[in-house]
Amino acid sequence: RNIRNNFILKDSCRRVVGFITNGSLRKYKATTNVTVVSSTETVTGAMKTFEGDIYYEIATKFDDSDIVGKAYVSEENGVYTVRGASLMQGVEVVMEYLDSKKEVGYSWISAASPTGTINNVPARIKTAIKEKGISKTVNGKVFSNVIHTTLELQYDMGDGFETSATYEFYSAQGIGIIQIDSVIDFFGFSMSSKTELTGYTIK
């Protein structure tokens, strides 16, 4: 089944941050072995409701394009969730990337989409808290009080859930996501990438 591209989220979804003050912005650089893409994400102040939860809109403007992408982030009782379109149009992906109230070692399972499937294949996210209160240097700047979480995107092709992509999220208090390291290895397709915060303004 053709699901390979469904776990390669648009940058506007993958890099959404938890800080949702209207007008706040963050600049990012995403690097793979073949490309470097820079972008700016801005909290627009618009809100939407999905499954009864309030989400805040994030607009992403890529430096080399006039296209503006949109994604949505929510925070409910310390749990941060991001949702947006995958590269395969019409497929909505949901990621619970952080539970700030839980301790190191805690893990949980959540659906990878509103239906629990992607292209009719069962899909889920396994999230684990790896580190809390650490320092992390990103693009030459040292951030403190950082939480490191690992997300595994898993599909069940009939023999149980197996991991197809792994995302290492680093979130700094009061700022949001400062780095994501991604590794995709599925059906012979492999790719690694790093997304780094290069600047920010918090309103």
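Side chain of T49 to backbone of G52: no donor-acceptor contact under 3.5 angstrom is found. At distances below 3.5 Å, at least one donor-acceptor pair connects side-chain atoms of S65 with backbone N or O atoms of I67. With hydrogens and angles disregarded, no donor-acceptor distance shorter than 3.5 Å links the side chain of N119 to the backbone of V121. At distances below 3.5 Å, at least one donor-acceptor pair connects side-chain atoms of S100 with backbone N or O atoms of G78.
Partners of Y56 by ring-ring contact (aromatic ring centres under 6.0 Å, His included), not counting sequence neighbours: none found. E152 is linked by a salt bridge (charged side-chain N to carboxylate O under 4.0 Å, His left out) to nothing, counting only residues two or more places apart in sequence or in another chain. By the salt bridge (charged side-chain N to carboxylate O under 4.0 Å, His left out) test, E103 pairs with no residue at all, sequence neighbours left out. The side chain to side chain contact (heavy atoms under 4.5 Å, CB included) check on V36 picks up K29, T31, with sequence neighbours excluded. Looking at residues two or more places apart in sequence or on another chain, you find no side chain to side chain donor-acceptor pair (under 3.5 Å) involving D53.
Considering T42, T44, N22 in turn, T44 is the only one that fulfils the side chain to side chain contact (heavy atoms under 4.5 Å, CB included) rule with E57. Applying the side chain to side chain contact (heavy atoms under 4.5 Å, CB included) test between I180 and each of F169, Y28, Y97 identifies F169 as the sole match. Results of the side chain to side chain donor-acceptor pair (under 3.5 Å) test with E168 over K194, H148, K130 single out H148 as the only residue that passes.
The cationic group of K48 does not satisfy the cation-pi geometry with F50, failing either the under 6.0 Å distance to the six-membered ring centre or the 45° limit from the ring axis.
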Evaluate the criterion side-chain contact (heavy atoms from CB on, under 4.5 Å) for residue pair V94 and T81; output intermediate values, then yes/no. CA-CA 7 Å; V94 180; T81 305; 3.4 Å; yes

Assess the residue pair K126 and L151 against the criterion (side-chain contact (heavy atoms from CB on, under 4.5 Å)); give the C-alpha distance rounded to whole Å, side-chain angles, the decisive distance to 0.1 Å, and a yes or no. CA-CA 6 Å; K126 180 180 179 181; L151 280 68; over 6 Å; no

Do D181 and Q179 pass the side chain to side chain donor-acceptor pair (under 3.5 Å) test, and can you show the C-alpha distance, the side-chain angles, and the key distance before you say yes or no? CA-CA 7 Å; D181 299 327; Q179 183 171 315; 3.0 Å; yes

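Here D63 contributes atom CG and S39 contributes atom OG; the two are 7.0 Å apart, rounded to the nearest 0.5 Å. For the atom pair CD1 of I184 and OG of S190, the computed distance is 9.5 Å after rounding to the nearest 0.5 Å. Here the straight-line distance linking atom OG1 of T149 with atom NZ of K132 works out to 11.0 Å at 0.5 Å rounding. We find the OH-OG1 distance between Y80 and T127 to be 15.0 Å, quoted to the nearest 0.5 Å. To the nearest 0.5 Å, atom CG of residue L197 and atom CD1 of residue I177 are 10.0 Å apart. Rounding to the nearest 0.5 Å places OG of S38 at 10.5 Å from CD of E196.
Here the side chains of Q154 and I125 are not in contact, with every heavy-atom distance at 4.5 Å or above. In this structure, the side chains of V79 and L98 stay at 4.5 Å or more apart for every pair of heavy atoms. V73 places a side-chain heavy atom less than 4.5 Å from the side chain of I58. Within the 4.5 Å cutoff, side-chain heavy atoms of I175 are placed close to those of Y200. Side-chain contact between P122 and F161: present, with at least one pair of heavy atoms (C-beta onward) separated by less than 4.5 Å. Taking the side chain as every heavy atom from C-beta outward, R83 and E92 approach each other to under 4.5 Å. No side-chain heavy atom of T60 sits less than 4.5 Å from a side-chain heavy atom of T40. T137 places none of its side-chain heavy atoms less than 4.5 Å from the side chain of F143.
Under a hydrophobic-cluster definition in which Ile, Leu, Val, Met, Phe, Trp and Tyr are linked whenever side-chain heavy atoms come within less than 4.5 Å, directly or via other members, M157 and I118 are assigned to the same cluster. Under the 4.5 Å side-chain heavy-atom criterion for ILVMFWY residues, no single connected hydrophobic cluster contains both L25 and V43. In terms of hydrophobic clustering, with Ile, Leu, Val, Met, Phe, Trp and Tyr side chains grouped at heavy-atom distances under 4.5 Å, I147 and I134 are assigned to a common cluster.
A 6.0 Å sphere centred on NZ of K27 holds no more than 12 heavy atoms belonging to other residues, nucleotides or ligands.
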Would you mind writing out the side-chain donor-acceptor pairs for residues 104-114 within the sub-3.5 Å range, not counting sequence neighbours?
| unit_1 | atom_1 | unit_2 | atom_2 | d |
| --- | --- | --- | --- | --- |
| W108 | NE1 | E96 | OE1 | 2.8 |
| S113 | OG | T115 | N | 3.4 |
| S113 | OG | T115 | OG1 | 3.2 |
| S113 | OG | G116 | N | 3.1 |
| S113 | OG | T117 | N | 3.1 |
| S113 | OG | T117 | O | 2.6 |

